[in-house]
Amino acid sequence: MTTQALDEIKIGGLGASRKRVEDDRFIRGKGNYTDDVVLPGMLHMEILRSPLPHARIKSIDASKAWEIPGVHLVLTGEMMATRNLAWMPTLSYDTQAVLATDKVRFQGQEVACVIADDPYIAKDACEAIEVDYEPLPPIVNPWQALASDAPVIRDDKVSQADNVVYNWEVGDKAGTDRAFAQADVISKLELHYPRSHPSPIECCGSVADFNRATSKLTVYMTTQAPHIIRAAVAMVAELPEQMIRIISPDIGGGFGNKVPIYPGYVCSILASILLERPVKWIEDKTGNLISTGFARDIYLKGEMALRRDGKILGVRMHTDADHGAFFSDAQPSKFKIGLMHSAFAAYDVPVAHLTARGLYTNKAPGGVAYRCSFRVTEAMFFQERMVQAAADDLGMDQAEFRRMNFVKDDDFPHRTPFGFLTDSGQYAKCLDVGLAAIGYENFRKEQAEARERGRLLGLGISTMTEPLGAGNSREYDILGIKMFDSADLKVHMTGKAILRTGARGQGQGHETTWAQIVAHELGIPADDVTVEEGDTDTAPFGMGTYASRSTPVAGAAVAMVSRKIRAKARKLAAHLLEVSEEDIEWELGRFYVRSSPGRGVTIQECAMAAYSNMPDGMEPGLENTAYYDPPNLTWPFAVYIVTVEVDPETGVWDVLRMVAVDDCGVRINPMIVEGQIMGGLTEAYAMSSMQFITFDADGNCVGSNYMDYLLPSAWETPGYELHSEVVTPCPHHPIGAKGIGECAAVGGPAAFVNAVIDALTGTGVRNIDMPVLPDRVWEAITYRRDVSGAPPVRQD
Ligand code: MCN
Ligand code: CUN
């Protein structure tokens with residue numbers, strides 16, 4: 001018996017709702033963001049963007065800009081081309097113009113850059129650049145892109161004869177055809193998941209600092225993946241990798257926006273090399289909304305083969321994705337449409353087939369993940385909208401239909417119809433908790449009574465399971481770089497420690513939670529562990545933070561490196577206690593002699609010994625690094641249930657209640673997990689109800705400012721009722737945790753839309769595309785028809 005183990009919650013270990021340590025500086029305005037970086041002799045860069053969506057560039061005359069006092073450099077595509085930098089590779093094996101040379105291909109595309117003493121001079125000088133454009137017809141949706149007479153947008157590519165980016169398929173076509181031949185009912189649905197934008201509060205930016213004396217290039221930038229950027233800079237700019245240091249300081253929200261490589265980064269780096277002075281580029285809000293990191297913009301044709309009793313026999317999906325002018329998605333190399341084929345992973349679907357086509361259009365590059373593990377948001381939205389339509393077509397209860405088709409608790413690991421292997425889950429239990437919380441039966445009664453009085457109440461259910469934590473390295477790579485992650489832990493002699501990982505949080509709370517994993521594994525109080533991320537000169541190599549991969553991969557590496565430290569500390573303990581290692585037991589924070597539990601040494605005493613009293617032959621110090629290559633992805637599950645009331649006169653809908661049941665395995669920090677869920681639900685609510693950013697028939701970006709592209713404030717955001725009763729530890733993660741960062745944004749949207757559609761039962765309306773704006777609901781009710789959100793096509 002031992003009685004001296006530490007109280008894990010008290011030392012801020014696993015399960016402690018420890019306050020976020022990073023918030024101390026954030027809420028005091030003491031964060032250190034890229035724009036806070038000020039270096040001696042620093043110049044400022046601004047970008048001239050194209051006003052036209054599609055035009056040939058006849059000439060660019062920058063002479064007037066050069067003459068403006070305070071201007072140091074004007075970069076054009078022509079100059080970039082002399083250094084082979086007019087184009088750069090994207091993360092999806094395409095190319096993207098850094099500065100346009102031949103044509104502009106979307107409104108807002110980067111045409112030239114001015115570097116000047118201050119940003120205002122640079123902006124004025126941009127306006128003095130004269131560009132002679134010859135307009136070409138703009139293409140703003142896949143159908144125009146596919147027309148036989150459509151101009152070829154990517155005529156820069158010798159092999160590109162049309163506007164198709166790819167055709168890709170997965171699943172079993174013949175088997176799916178057979179399932180459909182045997183179906184009693186075939187349920188069909190067509191949807192558009194509109195463009196959306198992550199719109200972090202902090203826009204993109206970089207401060208490039210090339211030091212001629214040392215030949216070292218240091219770049220401070222708002223990137224979620226600093227090591228990938230270092231590798232890309234080394235390859236594209238042909239600089240030696242050890243002479244490049246990428247520092248990602250505090251990030252004011254990423255949400256996927258800060259994964260890709262943007263022209264502004266490249267131009268600021270080249271400018272700094274040419275001028276041998278630091279060059280800062282900070283994007284403005286419109287620049288961010290118009291040109292970076294769009295997500296979604298994808299059309300679905302979905303079909304489900306159903307047996308009369310409700311069993312799903314097979315699923316067919318076809319997607320057309322509008323990628324804009326350059327295919328710059330960040331996603332694993334193998335998959336052209338990201339992890340879209342994670343659809344129906346939670347349902348026991350015997351067979352399925354997915355075809356996906358990508359199209360170029362004259363829009364900013366789209367398809368970047370926005371709070372979604374590579375298109376999983378679209379996959380889950382399509383899935384849950386299709387499931388609702390199928391249950392309605394069968395006349396079955398929404399909950400019952402889902403329960404009947406869920407993968408059962410004892411059927412794990414489960415092979416999904418598209419080939420993933422899901423790890424664990426208790427789907428029906430989550431649903432039951434959600435239904436009980438919302439008072440399902442009662443609500444259905446209330447709904448029927450309300451309907452008799454002309455009031456439209458609706459209830460929407462959505463579920464999601466998401467593949468989080470790419471890799472394993474066997475299947476997942478980006479540009480050939482295998483996906484794994486890392487942690488480096490140095491325990492100092494006084495028992496305090498510094499931990500670094502290859503991830504880079506953008507507000508998720510890594511500085512708080514990683515220390516909790518160390519506390520759990522070693523008994524070192526979390527407050528004694530400093531966490532540092534984002535500096536490629538000090539952090540071990542890692543793939544960065546996106547796809548909620550940090551906990552599944554970097555978090556696992558933190559546990560593994562802590563265990564390596566513990567293994568060495570055990571040897572030190574044996575030495576200090578003068579017994580053999582086999583006679584030693586571990587309890588949180590302390591080793592003791594099995595036969596004499598009162599005789600022990602703390603982890604801190606072991607740390608001191610590592611520097612002052614190590615056994616003969618032992619390497620001094622107590623530090624180590626772990627690279628973690630996960631055996632599988634982690635598969636969290638969630639059920640979201642929303643009730644709404646729709647005003648039949650105006651189409652305005654209000655959320656009455658929202659219940660969220662999330663099972664992300666073991667929660668490291670329950671408070672942070674709840675914060676992640678609330679943030680995700682709010683984004684889901686925004687996407688489904690109000691956020692609208694699109695391109696008109698002339699290719700103008702509509703919604704490129706916060707007057708038009710609405711971010712919900714606390715005022716309109718509904719209250720959420722969160723449930724954490726269901727915990728299915730991840731069977732292959734060292735501490736049983738699964739990812740959570742995106743779940744609510746992934747699964748949430750369908751719950752809202754399903755609720756509105758449910759309220760319209762009896763009108764024959766099967767679909768209203770997001771955002772489900774009041775005028776769309778009004779149109780659906782008034783004309784009893786579906787409302788498509790597909791962008792307009794010119795009629796003249
Ligand atoms: N966590 C936990 N227990 C778990 C799972 C996670 O305590 N079982 C904690 C983690 O330790 C971490 C946070 O929850 O502090 C999120 O962890 P995880 O699910 O691993 O996700 P990542 O850290 O990889 O974050 C990425 C994810 C993504 S892809 C987007 S997009 C997104 C999101 O996180 N962007 C965000 N949440 C965001 N939150 C903020 N504030 N800002 C963003 O830009
Ligand atoms: Cu999916 S957006 Mo997040 O992966 O950075």
Donor-acceptor pair between [X] and [Y] side chains, under 3.5 angstrom:
| X | Y | result |
| --- | --- | --- |
| Gln426 | Thr728 | yes |
| Gln691 | Tyr709 | yes |
| Gln398 | Arg402 | yes |
| Ser373 | Tyr546 | no |
| Tyr370 | Glu683 | yes |
| Glu466 | Ser548 | no |
| His318 | Thr355 | yes |
| His723 | Glu725 | yes |
| Asp297 | His192 | yes |
| Tyr440 | Asp397 | yes |

Any sub-3.5 Å donor-acceptor pair from [X]'s side-chain atoms to [Y]'s backbone N or O?
| X | Y | answer |
| --- | --- | --- |
| Glu716 | Ser713 | yes |
| Asp172 | Ala352 | no |
| Gln383 | Ala343 | no |
| Asp184 | Arg308 | yes |
| Trp635 | Leu421 | yes |
| Arg451 | Ala759 | yes |
| Asp769 | Ser788 | no |

[X]/[Y] ion pair, N-O < 4.0 Å:
| X | Y | answer |
| --- | --- | --- |
| Lys738 | Asp662 | no |
| Arg766 | Asp392 | no |
| Glu742 | Arg371 | no |
| Glu779 | Arg776 | no |
| Asp410 | Lys408 | no |

Can the ring centroids of [X] and [Y] be said to lie less than 6.0 angstrom from one another?
| X | Y | answer |
| --- | --- | --- |
| Phe406 | Tyr347 | yes |
| His341 | Phe420 | yes |
| Phe374 | Phe335 | no |

**Message:** Tell me whether the NZ or CZ atom of Arg403 lies within the 45° cone about the ring axis of Phe401 and under 6.0 Å from its centre.
**Reply:** no
**Prompt:** What are the two closest heavy atoms between Phe294 and Leu289, and how far apart are they?
**Reply:** CZ-O, 3.0 Å
Measuring from atom [atom1] of [X] to atom [atom2] of [Y], what distance do you get when rounded to the nearest 0.5 angstrom?
| X | Y | atom1 | atom2 | answer |
| --- | --- | --- | --- | --- |
| Asp647 | Asp654 | CG | CG | 8.5 Å |
| Thr513 | Arg667 | OG1 | CZ | 14.0 Å |
| Met304 | Arg316 | CE | CZ | 13.0 Å |
| Ile735 | Ile517 | CD1 | CD1 | 4.0 Å |
| Ile461 | Ile438 | CD1 | CD1 | 9.5 Å |
| Ile668 | His510 | CD1 | NE2 | 9.0 Å |

**Item:** Mutual orientation of the aromatic rings belonging to Phe381 and Tyr193 [parallel < 30°, tilted 30-60°, perpendicular > 60°]
**Value:** perpendicular
**Message:** Is any side-chain heavy atom of Leu722 closer than 4.5 Å to one of Met678?
**Reply:** yes
**Message:** Between Lys258 and Glu202, does the salt bridge (charged side-chain N to carboxylate O under 4.0 Å, His left out) criterion hold? Intermediate values first, please.
**Reply:** CA-CA 10 Å; Lys258 293 164 180 170; Glu202 181 203 28; 3.0 Å; yes
**Message:** If you apply the rule salt bridge (charged side-chain N to carboxylate O under 4.0 Å, His left out), what do you find for Lys311 with Asp309, and how did you get there?
**Reply:** CA-CA 6 Å; Lys311 174 85 188 88; Asp309 66 357; over 6 Å; no
